[in-house]
Amino acid sequence: FSLLQPVAPGPAHLAEVAMRTAVNMGLYCEEEADASFVKGSPSHTQTSHQDGLRDLRQRLWWCAYSLDRLVAPYIGRPFRISDQLITTEFPSLLDKDITDREPYSKRVTHHYFQLRILQSEIHEVFQYQRALGAKSSNKRKACTNLSPPFLPFDSIPSWRKDMNRRLDEWKSYIPDQKTGGSFPVVLLELDYWQTINHLYRQSIEVPPELIDMTPATDPARYSSGETELDNSIYLKVVEASGKVLQLYRLMHHVQLVEYTYLATHSIFFAGKEASLIRVRC
């Protein structure tokens with residue numbers, strides 16, 4: 001509700017409370033959940049109860065995780081917990097309470113969870129880059145000894161290329177709506193293009209004449225460490241920004257979405273990045 005209505009205390013605060021509560025309950029750690037079950041040789045009833053409890057804990061965790069990964073990048077904040085500490089598996093795809101099948105809604109949900117993990121990696125890498133960009137101040141000197149997260153790669157460009165490949169793979173496996181689902185596939189496509197935009201726009205620095213108009217939390221204020229940008233990066237940003245604007249226009253015409261804060265933010269940034277490239281050209 002807070003994501004859809006501009007009411008106090010706001011989605012950022014509520015997502016933070018939800019995530020902190022989930023971490024305090026140990027939902028992020030599958031081993032802690034297993035340790036809380038009844039020990040010994042449980043009966044069939046106890047086993048069924050344990051499976052249901054485990055599935056519930058998994059659902060709670062990944063919902064809280066998704067909210068944190070959705071909201072934090074919009075406000076430029078770090079996440080509440082690193083992905084490297086999470087051991088909880090996705091909840092079951094089977095809907096055993098009704099039929100022993102995989103409902104379309106659960107497959108879509110799993111697909112969103114997978115995207116949130118990719119988005120989380122992107123945000124953490126660029127949070128690290130932002131820290132390096134600000135390390136000249138005394139308070140940030142400790143950042144010089146940090147190892148870059150998620151980088152078994154030799155550089156940001158090589159990591160970005162691999163991330164683009166993983167996002168394309170994710171897009172190719174979007175659940176087919178022909179299988180009986182009613183969830184609009186256009187929303188998944190929109191998330192894909194927004195993520196592509198986020199992945200590439202971090203490399204395009206703000207021109208000096210616009211630096212005073214750029215929020216301090218925007219990673220574009222800091223150098224990405226790339227001395228020369230390939231033209232394909234600019235093309236990627238233009239393509240992704242155009243797709244975001246087109247998809248929002250389509251959804252507006254079919255009354256699929258109302259213009260919430262997150263939608264307004266995405267539309268603004270899509271237009272802003274296209275404008276930055278135009279200024280540079």
Side-chain angles (χ1 to χ4, degrees), residues 1-4 10-37 48-75 77-98 100-125 127 149-150 163 166-167 169-176 179 181-185 187-192 194-195 198-199 260 262:
F1 177 78
S2 182
L3 287 170
L4 300 176
H13 173 75
L14 294 178
E16 180 179 352
V17 171
M19 195 62 167
R20 188 188 308 123
T21 303
V23 170
N24 289 341
M25 294 176 63
L27 299 183
Y28 69 95
C29 184
E30 199 83 73
E31 288 79 5
E32 289 189 21
D34 293 338
S36 66
F37 295 143
S48 177
H49 173 71
Q50 291 175 7
D51 290 341
L53 181 59
R54 179 181 290 108
D55 189 67
L56 177 60
R57 292 175 64 96
Q58 291 168 342
R59 293 190 192 197
L60 287 171
W61 168 252
W62 286 106
C63 285
Y65 174 94
S66 296
L67 284 174
D68 184 51
R69 267 48 181 176
L70 174 65
V71 174
Y74 280 93
I75 58 178
R77 292 181 183 174
F79 298 131
R80 305 294 169 259
I81 185 174
S82 171
D83 288 67
Q84 300 177 28
L85 303 178
I86 299 171
T87 61
T88 299
E89 296 180 355
F90 287 168
S92 174
L93 274 172
L94 298 179
D95 200 351
K96 296 184 178 181
D97 294 336
I98 304 175
D100 197 22
R101 62 183 180 85
E102 297 182 3
Y104 178 78
S105 60
K106 286 194 173 184
R107 287 191 284 117
V108 169
T109 302
H110 267 227
H111 215 57
Y112 262 122
F113 291 159
Q114 292 164 359
L115 179 63
R116 297 296 180 233
I117 292 174
L118 295 176
Q119 292 171 333
S120 177
E121 179 176 333
I122 293 171
H123 185 60
E124 288 209 306
V125 167
Q127 282 279 306
F150 306 109
M163 175 56 70
R166 285 181 278 165
L167 286 169
E169 183 178 3
W170 177 88
K171 185 174 182 289
S172 68
Y173 285 103
I174 289 178
D176 191 350
T179 58
S182 58
F183 185 84
V185 174
L187 294 177
L188 291 165
E189 294 177 355
L190 175 63
D191 262 313
Y192 166 80
Q194 289 181 145
T195 307
H198 183 62
L199 175 64
T260 64
L262 296 182

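What you see is a predicted model; the values in this text were computed from it and never measured.
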* Between R166 and E121, is there a side-chain N and carboxylate O pair less than 4.0 Å apart? ->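 The answer is yes: the pair qualifies as a salt bridge.
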* Does L94 offer a backbone N or O that forms a donor-acceptor pair with the side chain of K106 under 3.5 Å? ->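 Confirmed, K106 side chain pairs with L94 backbone.
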* Asked: Any idea which heavy atoms bring T87 and C29 closest together, and the distance?
  ->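 So the two residues come closest at OG1-CA, 3.3 Å.
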* Could you please spell out the steps behind the side-chain contact (heavy atoms from CB on, under 4.5 Å) verdict for T21 and V17? => CA-CA 6 Å; T21 303; V17 171; 4.1 Å; yes
* Where R54 and E30 come nearest, the two heavy atoms and their spacing ->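 The pair with the smallest heavy-atom distance is CG-OE2, 3.7 Å.
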* Within-4.5 Å side-chain heavy-atom neighbours: Q119 and L167 ->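 Q119 does not reach L167 side chain to side chain.
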* Where is the tightest heavy-atom contact between E124 and D83, given as atom of each residue plus distance? ->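 E124 and D83 have their closest heavy atoms at OE1-OD1, 4.1 Å.
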* Search all heavy atoms of A12 against all heavy atoms of V71 and return the closest pair with its distance. =>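 For A12 and V71, the tightest heavy-atom pair comes out as CA-CG1, 3.6 Å.
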* To do: May I have the step-by-step check of side-chain contact (heavy atoms from CB on, under 4.5 Å) for S66 and F113, ending in yes or no?
  => CA-CA 7 Å; S66 296; F113 291 159; 3.3 Å; yes
* Between V185 and V108, does a side-chain contact (heavy atoms from CB on, under 4.5 Å) hold up when you go through it step by step? -> CA-CA 9 Å; V185 174; V108 169; over 6 Å; no
* Are the side chain of W61 and the backbone N or O of A22 linked by a donor-acceptor pair below 3.5 Å? ->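 Not a single qualifying donor-acceptor pair exists.
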* Passes side-chain contact (heavy atoms from CB on, under 4.5 Å), T195 versus W170? Steps please. -> CA-CA 11 Å; T195 307; W170 177 88; over 6 Å; no
* Between Y65 and S120, which heavy-atom pair has the shortest distance, and what is it? ->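 Here Y65 and S120 meet closest at OH-CB, 3.4 Å.
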* Asked: Who pairs with F79 by ring-ring contact (aromatic ring centres under 6.0 Å, His included), at least two apart in sequence or on another chain?
  ->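 For F79, the residues satisfying ring-ring contact (aromatic ring centres under 6.0 Å, His included) (neighbours in sequence not counted) are H123.
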* Check: Q58/T88 side-chain N/O donor and acceptor closer than 3.5 Å ->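 Q58 vs T88: no donor-acceptor pair found between side chains.
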* Keeping the roles fixed (side chain from W62, backbone from T109), state whether a donor-acceptor pair exists under 3.5 Å. =>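 Side chain of W62 to backbone of T109, a donor-acceptor pair under 3.5 Å: no, none is there.
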* Salt-bridged, R80 to E16, with N to O below 4.0 Å? ->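 The answer is yes: the pair qualifies as a salt bridge.
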* Asked: Between S92 and D55, which heavy-atom pair has the shortest distance, and what is it?
  ->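 It is N-OD1, 2.9 Å.
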* E169: what forms a salt bridge (Lys or Arg N to Asp or Glu O under 4.0 Å) with it, not counting sequence neighbours? ->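 Residues passing salt bridge (Lys or Arg N to Asp or Glu O under 4.0 Å) with E169: R165.
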* Would you find a donor on one side and an acceptor on the other, under 3.5 Å apart, between the side chain of D68 and the backbone of A64? ->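 Judged by distance alone, no pair lies under 3.5 Å.
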